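Bear in mind that the values here come from a model prediction, so they are computed numbers and not experimental data. Note that ligands are numbered from 1 as they come in the structure, with each ligand's atoms numbered from 1 the same way. Worth knowing before you read on, the calculation uses all heavy atoms, side chains too, and leaves out hydrogens, waters and symmetry mates.
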Amino acid sequence: MTVLLCGDMDAAEYAEWGRHLRAYLPARETLVLATEDFDPAAVEVAFAANPPPGTLARLPRLRFIQSLWAGVDRLLRDPDLPRDIPVARLVNPAMTEAMVESAAAAVLFLHRQYPAYAAQAARGEWHQRVQPLARERRVGVLGLGELGGATARALAGLGFAVRGWSRRPKQVEGVACLHGAAGLGRMLDGTEILVNLLPLTAETAGILGRDTFARLARGGGVVNLARGGHLDEAALWEALDSGQVGHAVLDVFATEPLPPEHPFWRHPAVTVFPHVAAYSHPETAAAIACRNLTRFRAGERPEALLDLGRGY
Ligand code: NDP
């Protein structure tokens, strides 16, 4: 039985993913790479890492798609994506650990006023700023799923006063949970550091925009670790200029790599990371993808199935 590995990857990445996937592949399966010659009619399952649009539509006997990435917005933008077969995304505890570290680092960086101290240091200025405790700092987390939920819990564990927001009602230990359109404003009002961990969907695109920034505490911090499409760049620029937002930590961008001429690189109140908050971890990801394949072959419900209508 043939499984196709297809994606937006170079030869070295194909080789690395191929090696890890073959190590965990169930005995009766054969893995073929999209870069090799293969019979499209033989492929029943695809391990998909954002393949070029149309790739999956060319597989007439495809029955299951396992994304190798956690974020599936690009995969779902393929207009020819088969809509009548199950699609699962990757939920990887190793990635969640990495995201929690990245989010905590960014929140602590802003909370401990490191951008201001870095600016002072560049001027040789010795000045001790008033420093609130974590429990006096209001942090908001947009999205309380695999990544946002673990992040909100960890930030609460560090002592921050955390509010979180999801689509449906949620309970996360130590976190004040709000949901839906009505909960958004209450979640944002007075938030001093806002962390975005939403999936990019029609409903969440541009959520980091003028209205959101206006509700934050003046001089608040914004941390975008989800997708560039969540951010209205012009609105952020305006909010930074007016002082409504004090500093932004951005890991993801509408155009990646961020072009060298993009002004975010040089804005003193923007810290840029090259999409590294939780980079996919091929070895653990391969084990999880192959486990889900086994579930599918056994007639069980694969884990982390997407709701294509909802977009995540
Ligand atoms: P999940 O699907 O587990 O969680 C999504 C969360 O967002 C859920 O709590 C969901 O609410 C909430 N949500 C979705 N739509 C809405 C809405 N319209 N209104 C309010 N809440 C909403 O996703 P993950 O936590 O696994 O991943 C989140 C995103 O992180 C990914 O989609 C990806 O874009 C990004 N990511 C970034 C990486 C990086 O390196 N920078 C690496 C990996 C992922 P509910 O619980 O009610 O369904």
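- Annotation for ligand 1: atoms under 4.0 Å from non-hydrogen atoms of Val252 are 41 (N).
- Residue contacts with ligand 1: Lys170 is placed with a nitrogen or oxygen under 3.5 Å of a nitrogen or oxygen of the ligand (distance criterion only).
- At least one heavy atom of Thr204 sits less than 4.0 Å from an atom of ligand 1.
- Short contacts between ligand 1 and Leu197, defined as distances under 4.0 Å to a heavy atom of the residue, involve ligand atoms 28 (C).
- Counting only heavy atoms from C-beta outward, the side chains of Val91 and Ile288 never approach each other to under 4.5 Å.
- Among the atoms of Asp251, some N or O lies under 3.5 angstrom from an N or O of ligand 1.
- Although no hydrogens or angles enter the test, the distance criterion places a donor-acceptor pair under 3.5 Å between the side chain of His230 and the main chain of Pro199.
- Ring geometry, Trp69 versus Trp17: the interplanar angle exceeds 60°, so the pair is classed perpendicular (tilted spans 30 to 60°).
- The distance criterion of under 3.5 Å between nitrogen or oxygen atoms is met by Ala278 with respect to ligand 1.
- Listed by number with element, the atoms of ligand 1 under 4.0 angstrom from any heavy atom of Gly71 are 31 (C), 32 (O), 33 (C).
- Using a 4.5 Å heavy-atom cutoff, the side chains of Pro51 and Leu75 are in contact.
- With ring centers used as reference points, His262 lies 6.0 Å or more from Phe253.
- Counting non-hydrogen atoms of other residues, nucleotides and ligands closer than 6.0 Å to CD of Glu125 gives a total above 12.
- Remark: among candidates Tyr312, Phe273, Trp165, Trp69, the nearest residue to atom 20 (C) of ligand 1 is Trp165, based on non-hydrogen atoms.
- Heavy-atom contacts of Gly143 reach the following atoms of ligand 1: 6 (C), 7 (O), 9 (O) (cutoff under 4.0 Å).
- At a 4.0 Å heavy-atom cut-off, ligand 1 does not touch Leu142 at all.
- The residues Arg215 and Asp211 are annotated as not salt-bridged, no charged nitrogen and carboxylate oxygen being separated by less than 4.0 angstrom.
- The Leu225 neighbourhood of ligand 1 comprises atoms 37 (C), 38 (C), 39 (C), 41 (N), with distances under 4.0 Å to a heavy atom of that residue.
- Salt-bridge check for Arg153 with Glu173: failed, with every basic side-chain N at 4.0 Å or more from each acidic carboxylate O.
- Distances shorter than 4.0 angstrom occur between a heavy atom of Arg89 and an atom of ligand 1.
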Report the C-alpha distance between Arg291 and Glu303 in whole Å, list the side-chain angles of each, state the deciding distance to 0.1 Å, and finish with yes or no for side chain to side chain contact (heavy atoms under 4.5 Å, CB included). CA-CA 9 Å; Arg291 198 175 63 215; Glu303 288 174 355; 3.7 Å; yes
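- When hydrogens are left out, the protein atom nearest atom 13 (N) of ligand 1 is Leu198 CD2, 3.6 Å; that is the closest non-hydrogen contact.
- Closest protein heavy atom to atom 36 (N) of ligand 1: Arg227 NH1, 3.8 Å.
- The pair Glu29-Arg297 meets the salt-bridge criterion, since a charged nitrogen lies less than 4.0 angstrom from a carboxylate oxygen.
- Residue contacts with ligand 1: Met99 is placed with no nitrogen or oxygen under 3.5 Å of a nitrogen or oxygen of the ligand (distance criterion only).
- Each of the following atoms of ligand 1 lies closer than 4.0 Å to a heavy atom of His275: 39 (C), 40 (O), 41 (N).
- Of all the atoms in ligand 1, the ones that sit under 4.0 Å from a non-hydrogen atom of Glu203 are 18 (N).
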Please walk me through it: do Cys177 and Leu144 pass side chain to side chain contact (heavy atoms under 4.5 Å, CB included)? CA-CA 9 Å; Cys177 295; Leu144 290 174; 3.9 Å; yes
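- Geometrically, ligand 1 and Leu144 share a nitrogen or oxygen pair separated by less than 3.5 Å.
- Geometrically, ligand 1 and Leu147 share a nitrogen or oxygen pair separated by less than 3.5 Å.
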